Trainee: 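If you scroll down you'll find the structure; I have some questions about it.
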Amino acid sequence: MFCFQCQETAKGTGCDIRGVCGKTEEVAKLQDLLVYTLKGLSEVIVKQNLKAVDLSSENHALIDGLFMTITNANFDDEALEKQINKVILLRDWLKAKGNEGNYNRAAVFQGGTRDELLEKAASIGVLSTKNEDIRSLRELITYGLKGMAAYAHHALNIGKESMEIYDFIYKALAATLDDVLSADDLVKLTLETGKYGVDAMALLDNANTSKYGNPQITEVNIGTRNNPAILISGHDLTDLEQLLEQTRGTGVDVYTHSEMLPAHYYPYFKKYDNLAGNYGNAWWKQIDEFASFNGPILFTTNCIVPPRSEEIRKRIFTTGAAGFPGCKHIDSDENGKKDFSSIINMAKTLPVPTQIEDGTIVGGFAHDQVFALADKVVDAVKSGAVKKFFVMAGCDGRMKSRQYYTDFANALPKDTIILTAGCAKYRYNKLNLGDIGGIPRVLDAGQCNDSYSLALIAMKLKEVFQLDDINKLPIAYNIAWYEQKAVIVLLALLYLGVKNIHLGPTLPAFLSPNVAKILVDTFGIAGIGTVEEDIKLFLEQ
Ligand code: FSO
Ligand code: SF4
């Protein structure tokens with residue numbers, strides 16, 4: 001195996017024996033083969049000039065499959081094998097209907113036994129592209145597409161789709177097989193991926209807000225109540241909605257975990273008095289926090305950490321693109337309905353959650369809410385009460401070096417405001433950094449995809465201050481990344497013209513020196529230094 005798609009990759013270069021995330025060699029190979037099969041399907045669609053609007057099963061298999069290969073989403077070898085075989089069937093069905101073309105191996109290889117699949121996987125992994133710059137760009141695009149697929153998947157669950165996004169994913173995946181394309185061609189495609197990343201985040205924003213309303217400033221309880229409970233993790237709001245409906249009146253509470261926290265900000269969910277609060281912190285702390293939660297846990301997406309004990313494994317359920325061997329997976333029926341009764345029944349038999357924190361945290365500063373406060377924000381900037389905004393969005397992770405973000409937030413001057421989104425927030429959302437004239441110093445817009453809100457806020461400020469360039473705003477970008485959704489967020493920000501983004505705690509291992517240089521020279525991308533140096537640098541910018 002060889003995988004270097006996330007920030008925690010072994011030795012900062014690549015996992016080659018077993019994933020730091022817990023992915024086994026077998027799962028890593030099946031994931032590689034699934035991506036390869038999707039590339040083959042894409043090539044058939046592109047070469048036959050088919051359009052997403054005339055496809056449906058293929059579109060959904062495409063985004064499901066990509067999502068299943070995101071870091072920490074799906075560790076289930078059987079589910080991955082099933083998806084590979086499904087994609088091969090779809091691919092061959094399209095080939096049989098159209099002209100026999102001159103296809104890449106990815107579009108012609110046949111399935112087989114598990115051993116045959118693994119043998120095939122061994123020859124098509126990341127390292128099979130020998131030129132390191134081409135490899136770097138192909139992977140950068142592929143990872144961006146994985147993030148895009150995750151966002152498109154959530155939007156689809158709410159009934160919103162974009163054929164343009166699907167068409168682009170087919171085009172871009174097929175392009176990663178094309179040996180004729182130069183590094184320059186792939187750089188252009190990388191930037192185009194950012195454009196569709198903006199579109200995917202806009203699609204999901206529209207899906208979320210049209211169904212659940214615009215996020216509002218909300219205080220979320222982080223303590224516990226005295227009822228049996230279910231913890232729901234991941235990003236999918238439709239799963240939360242169904243779980244809340246099914247637990248209503250049963251005496252079972254529901255707590256959000258990690259990236260599900262922002263669900264509390266949506267008006268729609270405020271009617272559920274069984275939505276009790278948020279339990280715990282960012283994904284990687286689940287190792288301890290699931291033990292003290294006591295009740296069942298539902299993963300709607302990543303980030304799953306392999307459970308430490310059989311007792312905890314039995315309490316974990318997965319749905320959608322998430323999966324873990326030995327954990328019950330709950331599929332939807334043909335109408336998208338999921339039956340969560342087994343989780344609810346289990347919750348009733350287990351002890352109530354052990355309280356680990358108390359008090360509240362505040363969030364809900366997505367675009368609409370911030371626009372409503374625009375006058376106050378603009379006055380605060382004009383009067384000098386707010387000197388600078390720091391976009392500190394993205395992900396959290398296990399590395400000790402991420403303490404930097406807590407220290408950075410603590411060390412920021414009191415006349416600065418942090419704009420956050422994603423699970424990165426847990427490094428500073430409980431610090432009590434105070435407020436500036438009633439505006440909290442940490443404004444949480446929501447999940448990682450809600451970085452889109454932060455971009456809209458920046459564009460609104462550019463308009464209000466009548467600037468010709470988004471980079472002239474008093475906004476600095478100090479972003480933490482972990483997995484591939486952060487890659488699409490980054491590409492989207494680059495497409496929107498944001499320069500001088502600092503990315504940490506380490507730069508991606510999949511950037512070759514030449515590709516990294518392009519990002520540095522063209523966009524001013526940089527890593528992080530010490531807190532003191534970086535704050536000085538940012539304040540001088
Ligand atoms: Fe975090 Fe995990 Fe949301 Fe990611 S929980 S790390 S970027 O899945 O998607 O922010
Ligand atoms: Fe390693 Fe990250 Fe890949 Fe897991 S996802 S195998 S930790 S690089």
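Read the numbers this way: they start at 1 and go in the same order the structure lists the ligands and their atoms. Because the structure is predicted, anything quoted here is derived from the model rather than measured.
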Trainee: May I ask you to decide whether Arg135 forms a salt bridge with Glu132, counting only side-chain N to carboxylate O separations under 4.0 Å?
Mentor: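 Answer for the salt bridge query: no.
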
Trainee: For the aromatic rings, using the six-membered ring if either is Trp, is the centroid distance between Phe269 and Tyr212 under 6.0 Å?
Mentor: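 Yes, the ring centres sit under 6.0 Å apart.
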
Trainee: Go through ligand 2 atom by atom and flag the ones less than 4.0 Å from a non-hydrogen atom of Lys23.
Mentor: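 Counting atoms of ligand 2 from 1, those under 4.0 Å from Lys23 are 3 (Fe), 6 (S).
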
Trainee: Starting from atom 3 (Fe) of ligand 2, find the nearest protein heavy-atom neighbour and note its residue, name and distance.
Mentor: Cys3 SG, 2.3 Å

Trainee: Using a 4.0 Å cutoff against the non-hydrogen atoms of Cys15, which atoms of ligand 2 qualify?
Mentor: 1 (Fe), 6 (S), 7 (S), 8 (S)

Trainee: Looking just at side-chain N and O atoms, do Asp444 and Asn429 make a donor-acceptor pair shorter than 3.5 Å?
Mentor: no

Trainee: Tell me which one of Gln447, His235, His257 gets a heavy atom nearest to atom 9 (O) of ligand 1.
Mentor: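 Heavy atom nearest to atom 9 (O) of ligand 1 belongs to His235.
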
Trainee: Would you tell me whether Gln355 and Thr224 have side-chain atoms, one donor and one acceptor, within less than 3.5 Å of each other?
Mentor: yes

Trainee: Looking at Thr9, which atoms of ligand 2 are within less than 4.0 Å of one of its heavy atoms?
Mentor: 8 (S)

Trainee: Using a strict cut-off of less than 4.0 Å between a Lys/Arg side-chain nitrogen and an Asp/Glu carboxylate oxygen, indicate whether Glu116 and Lys120 qualify as a salt bridge.
Mentor: no

Trainee: Among all protein non-hydrogen atoms, which one is nearest to atom 7 (S) of ligand 2, and what is the separation to 0.1 Å?
Mentor: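 Nearest neighbour among protein heavy atoms for atom 7 (S) of ligand 2, to 0.1 Å: Cys21 N, 3.2 Å.
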
Trainee: For atom 5 (S) of ligand 2, grab the closest protein heavy atom and report residue, atom and distance to one decimal in Å.
Mentor: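 Checked against all protein heavy atoms, atom 5 (S) of ligand 2 sits closest to Thr71 OG1, 3.2 Å.
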
Trainee: Does Tyr482 have its ring centroid less than 6.0 Å away from the ring centroid of Trp284?
Mentor: no

Trainee: Please say whether Ser258 places an N or O atom under 3.5 Å from an N or O atom belonging to ligand 1.
Mentor: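 Among all N and O atoms of Ser258, none is under 3.5 Å from an N or O of ligand 1.
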
Trainee: Check whether any N, O or S atom of Cys6 sits under 2.8 Å from atom 1 (Fe) of ligand 2.
Mentor: no

Trainee: Starting from atom 2 (Fe) of ligand 1, locate the nearest protein heavy atom and write down its residue, its atom name and how far away it is, to 0.1 Å.
Mentor: Cys303 SG, 2.2 Å

Trainee: Going by an N to O cut-off under 4.0 Å, is there a salt bridge joining Arg114 and Asp77?
Mentor: yes

Trainee: Would you please indicate if the ring centroids of His154 and Phe67 are separated by under 6.0 Å?
Mentor: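 Yes, the ring centres sit under 6.0 Å apart.
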
Trainee: Heavy-atom contacts with Asn302 under 4.0 Å: which atoms of ligand 1 show up? List them by number with element.
Mentor: 8 (O)

Trainee: In ligand 2, which numbered atoms sit nearer than 4.0 Å to a non-hydrogen atom of Phe4?
Mentor: 8 (S)

Trainee: For Glu483, what is the atom name of its N, O or S atom nearest to atom 4 (Fe) of ligand 1?
Mentor: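 Of the nitrogen, oxygen and sulfur atoms in Glu483, atom 4 (Fe) of ligand 1 lies nearest to OE2.
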
Trainee: Which residue and atom name correspond to the protein heavy atom nearest atom 6 (S) of ligand 2, and how close is it?
Mentor: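 Here the nearest protein heavy atom works out to Gly19 CA, 3.4 Å.
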
Trainee: Salt bridge or not between Lys160 and Asp205? Use side-chain N to carboxylate O under 4.0 Å.
Mentor: no

Trainee: Output yes when Glu483 and Lys146 qualify as a salt bridge under the 4.0 Å nitrogen-oxygen rule, no when they do not.
Mentor: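 Lys146 and Glu483: not salt-bridged.
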
Trainee: Can you pull out the closest protein heavy atom to atom 3 (Fe) of ligand 1? Residue, atom name and distance to 0.1 Å, please.
Mentor: Glu259 OE2, 2.3 Å

Trainee: Closer than 4.0 Å to some heavy atom of Cys423 - which atoms of ligand 1 meet that?
Mentor: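 Near Cys423, meaning under 4.0 Å from one of its heavy atoms, ligand 1 has 1 (Fe), 5 (S), 6 (S), 10 (O).
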
Trainee: Check whether the side chains of Asp64 and Gln83 place a donor and an acceptor atom closer than 3.5 Å, and report yes or no.
Mentor: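 No - no donor-acceptor pair under 3.5 Å links their side chains.
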
Trainee: For ligand 1, which atoms sit closer than 4.0 Å to a heavy atom of Lys485?
Mentor: 7 (S), 8 (O), 9 (O)

